[in-house]
Colleague: 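Sharing a structure here in structure tokens format.
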Amino acid sequence: MKQNNFYIIIGIIGLVEVLLFWESIQSSNPFIVGVGFVAGALLYFILRRKVTDCCADERQNLIDMKTASATLKAFWVSFFSVNLATVVYVFSASLGFQNIIVSIPEPSEANTMYEAGNSLIHGINFTRPLTDNYSVAITIHQNATDAIYYTNATKMEVINVFPAPPEMIAISHLGIFGVIQILLLVLMLFIYVAFRIYYSHKFGEWDDDEE
Amino acid sequence: MMKNKIKVYRAMNDLTQEGLAQALGVTRQTILAIEKGKYDPSLELAFRMAKYFNTTIEEIFTFEA
């Protein structure tokens with residue numbers, strides 16, 4: 001395989017990864033981008049070995065190694081410090097995050113009241129639309145042993161309830177962790193590029209030829 | 001610090017940096033970096049270079065503390 005073809009394929013893989021990332025967010029499924037990234041990385045390493053006209057000599061290998069090593073060192077420190085701070089933030093609140101699945105059975109007639117037993121759920125009120133025409137309203141009482149559901153839905157619905165009492169971290173604050181992770185990833189890219197430029201310059205990558 | 005006489009040997013053999021790089025299986029930038037003292041070649045590359053010029057490593061490379 002020619003090196004130019006390799007670069008074109010890698011560009012396409014990069015675009016696919018971005019699309020997978022987007023789809024993963026849209027469908028709230030982290031496995032899509034996780035598996036997609038591993039597959040993309042494997043494809044990259046396999047394709048790179050099939051390039052025939054690549055001339056990577058020992059100096060370029062040294063630049064690669066030194067850049068990777070320096071990036072790892074710098075990123076390790078930043079990653080560790082940010083994650084330590086995150087751990088402290090999470091530990092500052094009560095633990096016990098869990099998803100409680102609430103099943104709403106199919107009603108025999110509209111506005112039927114159902115009772116579900118043994119649901120130890122903290123107080124939470126929300127309305128989840130099912131379709132344009134139907135909606136379900138759920139009220140789960142504080143410290144209730146029985147949860148009461150009012151529904152006019154025609155289908156069985158499973159809802160993930162994320163209990164967030166006041167002493168816990170608000171759900172709205174969890175988004176900041178995603179932003180921090182994105183910043184870390186961008187930081188890693190910038191650190192890599194910066195070290196790459198530094199070591200390429202140090203080992204004469206862009207020196208002029210006097211001949 | 002490592003010094004070398006690659007440029008002299010290239011001139012003696014009427015070789016360009018590109019020609020020497022192709023003969024040794026490295027890039028022209030590597031030959032340029034070695035000549036300028038920005039990169040110290042591996043022992044293997046130094047041996048191959050000495051063999052190519054039909055001389056010894058000590059003749060091409062000298063170490064100055």
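In the text below, chain A, chain B and the rest are named by the order of the sequence lines, each starting its count at 1. When reading the values below, keep in mind they use all heavy atoms of this one structure, side chains included, and skip hydrogens, waters and symmetry mates.
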Colleague: Where do B:D40 and B:M2 come nearest, in terms of heavy atoms and distance?
Modeller: OD1-CB, 3.6 Å
Colleague: Would you say the side chains of B:T27 and B:T30 form a donor-acceptor pair under 3.5 Å?
Modeller: yes
Colleague: Ion pair present between B:K3 and B:E64, side-chain N to carboxylate O less than 4.0 angstrom?
Modeller: yes
Colleague: Between A:F75 and A:F190, is the ring centroid distance below 6.0 Å?
Modeller: no
Colleague: Angle between ring planes, A:F6 versus A:Y44, binned at 30° and 60°: parallel, tilted or perpendicular?
Modeller: tilted
Colleague: Just jot down the salt bridge (charged side-chain N to carboxylate O under 4.0 Å, His left out) partners of A:K50, sequence neighbours excluded, or say none.
Modeller: none
Colleague: Quick one: which residues of residues 47-60 of chain B reach chain A at under 4.5 angstrom, heavy atoms only?
Modeller: none
